[in-house]
Number of protein chains: 2
Amino acid sequence: MSPYDPSAFPPFAVTVDLVVLTVRRHALCALVVRRGEAPFQGRWALPGGFVRADEDLAAAAARELVEETGLCVHDPGSPEPDNGAHLEQLATYGDPKRDPRMRVVSVAHLALAPDLPAPKAGGDANSARWAPVETLMSQEGSGREDEPPAPLAFDHAQILADGVERARSKIEYSSLATAFCPPEFTVGELRRVYEAVWGVALDPRNFHRKVTGTPGFLVPAGGTTTRQGGRPAQLFRAGGATLLNPPMLRPEV
Amino acid sequence: MSPYDPSAFPPFAVTVDLVVLTVRRHALCALVVRRGEAPFQGRWALPGGFVRADEDLAAAAARELVEETGLCVHDPGSPEPDNGAHLEQLATYGDPKRDPRMRVVSVAHLALAPDLPAPKAGGDANSARWAPVETLMSQEGSGREDEPPAPLAFDHAQILADGVERARSKIEYSSLATAFCPPEFTVGELRRVYEAVWGVALDPRNFHRKVTGTPGFLVPAGGTTTRQGGRPAQLFRAGGATLLNPPMLRPEV
DNA sequence: AGAATAGTGTCTATGAGACAGTATGAG
DNA sequence: CTCATACTGTCTCATAGACACTATTCT
């Protein structure tokens, strides 16, 4: 058999799974859905679904994101700051035994979204909710009654860990942290995003000097807000610069 | 239809494609094979093949790498420095029209190898060769008769570009450049790897101070060599450190 | 007034980049 | 000898981190 014979190939199912991250109440949270059917019935899982026959992978991921959150994907070309999310491919998971029913290859995607009111349950899941990644990634689950316990279904714990690590490293050298913020935000709000994603405290003064001193990162939006209390803070929106050079340093030495 | 019904899914073929990079004669080169059959018959393409029914994605990539180059994949756990290559997943390409015959999702992998004598032709390709990425990535191909012309088959030009970009950025903050070197190498040889991959000239003295001053990056192997001419240089092997902090800065501002 | 957050200035340690100068081989 | 490469040392400039200080709001 020629390895390129198109009539002799093992059939695979291809899905997209989504790691949707947001920052809620100073904590990095991921969107999880409760599975309504076997396998792993009743367990929490990442949202996802089959790629359709004539659908690109990115389109499938964007479709699932809309179905689960109502978020539209931000088009990098369009100038207007819709409240769309950032979406990028994460990695592909294809262990032959990752789904007990059949051979499924899942192309995981990472989405970063600003804080949303509440997730709406999609048609293909009993319920959906935001859960702190700290809870989801701990072996035991939290002791609290109202939090979803680990472990996630399938290999979703690994996918989530990879997505969180991608987000944590990517905000170092890119302006991606603004994807967690509303269209207009203050320096303090952006700093709290970094602190929530990295789980560390940053010096507010050095942070302010760093982000306002990087050309193209932030552009003044013209107003001020006092929604955090204290002295009114200038509002910014994300500038055109996507790469941060020199990068924001993650304190951890 | 439930989107999770395992009996109702569109069938996909899943392949792995390989971006195999090495440094030959001060140039970053990629392994390409000439296609022996339609589509794109006679054109150059990245090596690759179908994932088998019970095979993990990484295993399929490692199998293809052995078939094409004879290189075994370096197991990060084993201490002995076999001349294995570095292998990692790159990205997945699934445009519905990327293969005119059928729906094929390709999980591309990136392999970094030391300089090899000559590629052996695999069973599923007429011929294989190393080609400078500069030639492969230019629109026109080189004017020289003995070089493979662009463009590559399928979407392999995009995959190659993504692989090259991954390699270029990853040697900044990791010790991955040593994957291009033989088990024992000199500081100058490692510098020439950086220069070839980035296409820039680096100050030999500052480079030497940087790499020898980073703990765990290089460990002395005990001997010296004079294979580059000039004063004999100390031989090193790659140390245990995989992350470079602070990173090697790519001069380009 | 006191608390909280925003924003500026100043000092210091670290490291990158530039480059002088010495060491040791091949021809 | 010259030439090529290896390696060390020194200077300067940029910047991260620490932190004093002022500004402006709310309760």
Side-chain angles (χ1 to χ4, degrees), chain A residues 25-26 171-173 177 181 184-196 198 200-237 241 243-253, chain B residues 26 171-173 181 184-196 198 200-237 241 243-253:
Chain A
R25 285 172 295 152
H26 292 201
I171 64 174
E172 289 187 57
Y173 57 89
C181 295
E184 298 195 349
F185 53 89
T186 69
V187 172
E189 289 165 348
L190 184 62
R191 175 172 49 82
R192 276 178 275 275
V193 164
Y194 275 90
E195 292 178 330
W198 285 344
V200 298
L202 300 176
D203 186 299
R205 299 156 297 185
N206 291 334
F207 183 89
H208 190 281
R209 183 159 44 83
K210 171 77 177 172
V211 295
T212 56
T214 301
F217 186 17
L218 299 181
V219 295
T224 61
T225 183
T226 180
R227 57 185 171 228
Q228 298 292 339
R231 169 176 167 179
Q234 205 179 348
L235 282 171
F236 294 89
R237 56 181 92 239
L243 248 50
L244 230 51
N245 205 334
M248 183 84 57
L249 293 183
R250 175 158 41 162
E252 188 235 344
V253 185
Chain B
H26 292 200
I171 65 173
E172 289 188 56
Y173 58 90
C181 295
E184 298 194 349
F185 54 89
T186 69
V187 173
E189 289 165 347
L190 183 64
R191 176 172 48 82
R192 277 178 277 274
V193 164
Y194 275 92
E195 292 179 330
W198 284 344
V200 297
L202 300 176
D203 186 298
R205 301 157 295 190
N206 291 334
F207 183 88
H208 191 282
R209 184 159 44 83
K210 171 78 177 172
V211 296
T212 57
T214 302
F217 187 15
L218 298 181
V219 295
T224 61
T225 183
T226 179
R227 58 184 170 228
Q228 299 291 339
R231 169 176 166 179
Q234 205 178 348
L235 283 171
F236 295 89
R237 57 181 90 241
L243 250 49
L244 230 50
N245 205 332
M248 184 85 57
L249 293 184
R250 181 168 164 187
E252 189 234 345
V253 185

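Heavy atoms only: backbone and side chains are in, while hydrogens, waters and symmetry mates are out. Protein chains get the first letters and strands the later ones, always in sequence-line order, with residue 1 at the start of each.
- Whole-Å rounding puts the Gln234(A) CD to dT5(C) P distance at 19 Å.
- dA6(C) atom C1' lies 10 Å from atom CZ of Arg192(A), rounded to whole Å.
- Atoms CG (Leu202(B)) and C1' (dT5(D)) sit 16 Å apart, rounded to a whole Å.
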Check residues 207-219 of chain A and write down every donor-acceptor pair under 3.5 Å in which the side-chain atom is one partner and the other belongs to a residue at least two apart or another chain.
residue: Arg209(A); atom: NH2; partner: Asn206(A); partner atom: OD1; Å: 2.7
residue: Lys210(A); atom: NZ; partner: Pro246(A); partner atom: O; Å: 3.0
residue: Lys210(A); atom: NZ; partner: Pro247(A); partner atom: O; Å: 3.3
residue: Thr212(A); atom: OG1; partner: His208(A); partner atom: O; Å: 2.6
residue: Thr214(A); atom: OG1; partner: Lys210(A); partner atom: O; Å: 2.9

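- Against DNA chain D, the stretch residues 212-232 of chain A makes heavy-atom approaches under 4.0 Å through Gly230(A), Arg231(A), Pro232(A).
- Checked by atom type and distance alone, the side chain of Glu195(B) pairs as donor or acceptor with a backbone atom of Leu202(B) at under 3.5 Å.
- Atom CZ of Phe236(B) and atom P of dA6(D) are 11 Å apart (whole Å).
- Atom CZ of Phe185(B) and atom P of dT5(D) are 19 Å apart (whole Å).
- Note: CD (Glu189(B)) to P (dA6(D)) measures 8 Å, nearest angstrom.
- Across all non-hydrogen atoms, the minimal contact from Cys181(A) to Leu190(A) is SG-CD1, 4.0 Å.
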Give each protein N/O atom lying under 3.5 Å from an N/O atom of nucleotides 14-19 of chain D, with the pair distance.
residue: dA16(D); atom: OP1; partner: Lys210(A); partner atom: NZ; Å: 2.9
residue: dG17(D); atom: N7; partner: Arg209(A); partner atom: NH2; Å: 3.4
residue: dA18(D); atom: N7; partner: Asn206(A); partner atom: OD1; Å: 3.3
residue: dA18(D); atom: N7; partner: Asn206(A); partner atom: ND2; Å: 2.8
residue: dA18(D); atom: N6; partner: Asn206(A); partner atom: OD1; Å: 3.2
residue: dA18(D); atom: N6; partner: Arg209(A); partner atom: NH2; Å: 3.1
residue: dC19(D); atom: N4; partner: Asn206(A); partner atom: OD1; Å: 3.4

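- Here the closest heavy-atom approach between residue Leu244(B) and residue Tyr194(B) is recorded as CD2-OH, 4.0 Å.
- Between His208(A) and the phosphate of dG7(C), there is a side-chain N or O to OP1/OP2 separation shorter than 4.0 Å.
- Phe185(A) contributes atom CZ, which lies 10.0 Å from atom CZ of Arg227(A) (distance to the nearest 0.5 angstrom).
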### Task
Go through the steps to decide whether Met248(B) and Trp198(B) satisfy the test side chain to side chain contact (heavy atoms under 4.5 Å, CB included), and finish with yes or no.
CA-CA 12 Å; Met248(B) 184 85 57; Trp198(B) 284 344; 3.6 Å; yes
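- Counting all heavy atoms, side chain and backbone alike, Gln234(A) lies closest to Pro220(A) at NE2-CB, 3.6 Å.
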### Message
Could you walk me through whether Thr224(B) and Leu235(B) satisfy the side chain to side chain contact (heavy atoms under 4.5 Å, CB included) test, starting with their C-alpha distance in whole Å, then the side-chain angles of each, then the deciding distance to 0.1 Å, before giving a yes or no?
### Response
CA-CA 5 Å; Thr224(B) 61; Leu235(B) 283 171; 5.8 Å; no
